[in-house]
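Please read the structure below before turning to the comments.
Only this structure's heavy atoms are used, side chains among them; waters, hydrogens and symmetry mates stay out.
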Protein chains: 2
Amino acid sequence: MNPSIRDVAKKANVSISTVSRVFNNPESVNQEMRERVLQVIEELGYAPNPFASGLRDNRSKVIVTMIPDIRNSYYAEMLSGIEEVALSNRYTVIIGNTIQNEERFLEYVKNFVKMKVDGLIFASTEITEFYQKNFEALKIPVILASTEGREWNLPSVRVNDYQASYEATAFLIQNGHQDIGFISGPTHAPIAGRERYEGFLGAMAAHELPTSEQNVVYSEMSFDAGYEAMAKLYAKMPHLTAVYAASDSMAIGAMKFLHEQGLEVPRHVSVMGFDNLEISRMVSPGLTTVAQQIYEIGKTAGTMLFQAIENREEELQSVTIDHEIIVRGTVRNRRLMMDGGDGAFRVFV
Amino acid sequence: MNPSIRDVAKKANVSISTVSRVFNNPESVNQEMRERVLQVIEELGYAPNPFASGLRDNRSKVIVTMIPDIRNSYYAEMLSGIEEVALSNRYTVIIGNTIQNEERFLEYVKNFVKMKVDGLIFASTEITEFYQKNFEALKIPVILASTEGREWNLPSVRVNDYQASYEATAFLIQNGHQDIGFISGPTHAPIAGRERYEGFLGAMAAHELPTSEQNVVYSEMSFDAGYEAMAKLYAKMPHLTAVYAASDSMAIGAMKFLHEQGLEVPRHVSVMGFDNLEISRMVSPGLTTVAQQIYEIGKTAGTMLFQAIENREEELQSVTIDHEIIVRGTVRNRRLMMDGGDGAFRVFV
DNA sequence: TTGTAAGCGTTATCAT
DNA sequence: ATGATAACGCTTACAA
């Protein structure tokens, strides 16, 4: 059996309250006594029993992060960021792998209530009324990471997807591309879907490039779906010179399709992604993409959450994290191109 | 405040012991009464307070999985498997992201002791005496996943790395390759390093193919290190026709290097990996590799752990999980090749 | 500044 | 079959 507070008290010749105070309010106890107690604590290797403290003040020092799938490196990265701040705040983080399934979500929530987790970081699935209701019932602080809940006034940490998507598209245009196809996520996805879609449209319009349903194809945000989407897009736009995909997974699926068609990237078709997953630098050529500071998003969400836990009243503000375009090898500059591969010399406006 | 067992008892007009029994030993309570209590439990939304039960029987229903890095999809996959069994056993799993750092490990362990976690799954770092000592001190069941601790008689779940590596090498040989370079992990890594290295050597020897230090290059098991290793290997063996890397990450790093040198895979050089990470099907061409059933490893480790937790005395046996060679597009068959790319027709023995 | 004692919610032992 | 009660280890009024 582990030593209890009573063992420490006895051995140090003080009352158990004194021992407790040494932990929770050290200043309030006489230096000499404190040192004696600390000494004994050390000797006995005493540590407070978390169940007992939890029972008293109903706090677990545990937070939970809910993500659709751990195997997706986007979330793994975010989790790393959350973990870092958690560890330094002496919190433990547990993971809820929801796989975008409401039933599974409920299963977890039941568990969390039972475990009395102190806070929740919810990542990247659309916030429907269903989720919102459950958050409310949980009665613990909730931070959204890479999702948005403006409708319900939930604090969030995320990238400005519209702006980033606009810039990605503009980058392609500045490189001389006009026939640009867009592989969109599902438009019902509030962030990665809708906003990136509109960012694309916005940039095209701003550069007076016409767009129509011909330019875009909708897809789930996975590698396989990206592959299929590229097939459809290519059928619709055989003349395209560039493809912009709303996620790296899709972009890499698209590259796979192009490769299989004997189309070289970027010689024949340029490709631009979004997310900067680790894999984007592993493929050949490296994928030019929009980098989210995913780790940073996790850290910030964690920090905000702890703040909310410590100080329940204060209203939290949503935060936007910077993004950046990472230029690697999949976008060809058609403007100052000496040799387009077909031997011709061209300068576009 | 949440309803307590007392609230239920009062409302159902029974004693708290009866309510407790309804949870822990339902048969022992009269049907009629049980139903009445269940009814009230439902109405009040009562759930037992985990701190209180924990305080009683010193069990947290929490297990921990320690891995070097969550961002590595190998571990993410394994974790998914562990999670599945945990959820169905009503356990919660928390993650310790050690990043192969002893200090960090200790920080976590301290936390675990405090949290009274019920068991530990330890994945894929060499078991040194340091770890072994700490495991012992923890006094909870420990299962090794994709590592080995024969020296200390710790139960493990893993692939037969020697055998798998032997087969991977043999596959290359059967495809007509003789000048095969091997990118090895660090040989001090007990599994992925040493055994895969020896599997390579074993297969080469069995087919009477000479090997020397010329054939192998040692590397950390990462993408970047694989890239560098390929550069070194190519310098040593410019005539090689195939490269076998002890991990997919390294294999893909190697492919990147080859691509940059203008060497086509598999036309000029064949590549074989190990692990079957998700990324191995994403690259072009898809990587031929050895598949570990990583998810299965996780599930098995979890199952064994729960078994050990429930039944402390029983000795656990180590388990070997099947592996399989996944043929994709990076290995060229040099035996029945009509056109080797150089127009020549060849049949090797 | 220090100590005493009540109470957190549960389970298990013992009576009934 | 059911109920009363002690015990788990800690924190915090309150008393000294």
Side-chain angles (χ1 to χ4, degrees), chain A residues 1-41 44-62 90 110-118 139 310, chain B residues 1-41 44-62 90 113-118 310:
Chain A
M1 204 50 224
N2 288 331
S4 85
I5 197 172
R6 238 174 289 274
D7 301 319
V8 178
K10 192 174 295 173
K11 184 150 183 193
N13 250 305
V14 295
S15 74
I16 61 171
S17 13
T18 300
V19 179
S20 177
R21 274 190 281 260
V22 167
F23 274 91
N24 302 297
N25 196 7
E27 309 79 40
S28 78
V29 28
N30 184 311
Q31 160 123 15
E32 181 198 352
M33 232 176 189
R34 184 171 54 208
E35 272 163 15
R36 185 161 40 144
V37 171
L38 249 14
Q39 167 85 26
V40 175
I41 286 173
L44 261 40
Y46 165 76
N49 180 318
F51 298 127
S53 348
L55 185 54
R56 278 288 309 186
D57 57 39
N58 239 2
R59 286 273 210 91
S60 60
K61 289 282 220 170
V62 169
R90 328 208 122 258
K110 237 168 40 192
N111 235 305
F112 298 155
V113 180
K114 292 214 291 207
M115 294 189 62
K116 310 239 176 214
V117 304
D118 293 337
K139 294 196 175 96
E310 305 301 337
Chain B
M1 204 50 221
N2 288 331
S4 86
I5 198 172
R6 238 174 289 274
D7 300 319
V8 177
K10 193 174 296 172
K11 184 151 182 190
N13 249 305
V14 296
S15 74
I16 61 171
S17 340
T18 301
V19 179
S20 178
R21 273 191 282 262
V22 166
F23 273 91
N24 301 299
N25 197 7
E27 310 79 43
S28 78
V29 28
N30 184 313
Q31 160 124 16
E32 180 198 352
M33 230 174 189
R34 184 170 53 211
E35 272 163 16
R36 187 162 38 146
V37 171
L38 249 14
Q39 168 84 26
V40 175
I41 285 173
L44 261 40
Y46 165 77
N49 180 318
F51 296 130
S53 340
L55 184 54
R56 278 289 310 187
D57 57 40
N58 239 0
R59 286 273 209 93
S60 59
K61 290 280 220 172
V62 169
R90 330 209 120 257
V113 180
K114 291 215 291 208
M115 293 189 63
K116 309 237 177 217
V117 304
D118 294 336
E310 305 301 337

- Message: Just the rounded figure in Å: distance from C1' of D:dG9 to CG of A:Leu44.
- Response: 15 Å
- Message: For a side chain to side chain contact (heavy atoms under 4.5 Å, CB included) check, start with the C-alpha distance between B:Val8 and B:Lys10, then their side-chain angles and the critical distance, and finish with the verdict.
- Response: CA-CA 5 Å; B:Val8 177; B:Lys10 193 174 296 172; over 6 Å; no
- Item | Nucleotide C:dG9, atom C1' - distance to CD1 of B:Ile16 in whole Å | 8 Å
- Closest non-hydrogen atom pair between A:Asp7 and A:Pro3, with its separation: OD2-CA, 3.3 Å
- Task: Round to the nearest Å and state the distance from A:Arg6 atom CZ to D:dT11 atom C1'.
- Result: 12 Å
- May I ask you to evaluate whether A:Ser4 reaches the phosphate of D:dG9, defined as a side-chain N or O under 4.0 Å from OP1 or OP2? no
- Query: Looking at B:Ser53, does any N or O in its side chain come under 4.0 Å of the phosphate oxygens OP1/OP2 on C:dT10?
  - Reply: no
- Query: If you look at every strand shown and take non-hydrogen atoms under 4.0 Å, does B:Ser17 touch a base, only sugar-phosphate, or nothing?
  - Reply: base
- Task: Show your working on side-chain hydrogen bond (donor to acceptor under 3.5 Å, both in side chains) between B:Gln31 and B:Glu35 and close with a plain yes or no.
- Result: CA-CA 6 Å; B:Gln31 160 124 16; B:Glu35 272 163 16; 2.8 Å; yes
- Between B:Ser28 and B:Arg21, what is the shortest heavy-atom contact and its length? OG-CD, 3.4 Å
- Item | Closest contact, heavy atoms only, A:Val40 versus A:Ala12 | CG2-CB, 3.7 Å
- Task: With axes from five pairs an end, tell me the bend angle of the helix from C:dT1-D:dA16 to C:dT16-D:dA1, nearest 10°.
- Result: 40°
- Identify the heavy atoms of B:Met33 and B:Thr18 that sit nearest to each other, and give their distance. SD-CG2, 4.4 Å
- Task: With the side chain counted from C-beta on, respond yes when A:Ile5 and A:Ser20 share a heavy-atom pair under 4.5 Å apart, and no when they do not.
- Result: yes
- Considering only heavy side-chain atoms of B:Asn49, the closest of D:dC10, C:dT10, C:dT4 is C:dT10
- Task: Enter the distance from A:Arg36:CZ to A:Leu38:CG here, rounded to the nearest 0.5 Å.
- Result: 12.0 Å
- Query: Between C:dG9, D:dG9, D:dG3, which nucleotide gets closest to the side-chain atoms of B:Ala52?
  - Reply: C:dG9
- Task: Could you check how far CZ of A:Phe51 sits from P of C:dT11, rounded to whole Å?
- Result: 13 Å
- Task: Taking the side chain as every heavy atom from C-beta outward, state whether B:Gln39 and B:Ile41 have any atom pair closer than 4.5 Å.
- Result: no
- Nucleotide of D:dG9, C:dT11, C:dA5 approaching B:Leu55 most closely (side-chain heavy atoms): D:dG9
- Note on the structure: Residues of residues 18-40 of chain A with a heavy atom under 4.0 Å from any atom of DNA chain D, listed by number, are A:Ser20, A:Asn24
- Message: Expressed as a whole number of angstroms, how long is the span from A:Asn13:CG to C:dT2:C1'?
- Response: 13 Å
- Item | Interatomic distance where CD1 belongs to A:Ile5 and P belongs to D:dT12 [whole Å] | 11 Å
- Message: Rounding to an integer number of Å, can you tell me how far A:Lys10 NZ sits from C:dT4 P?
- Response: 13 Å
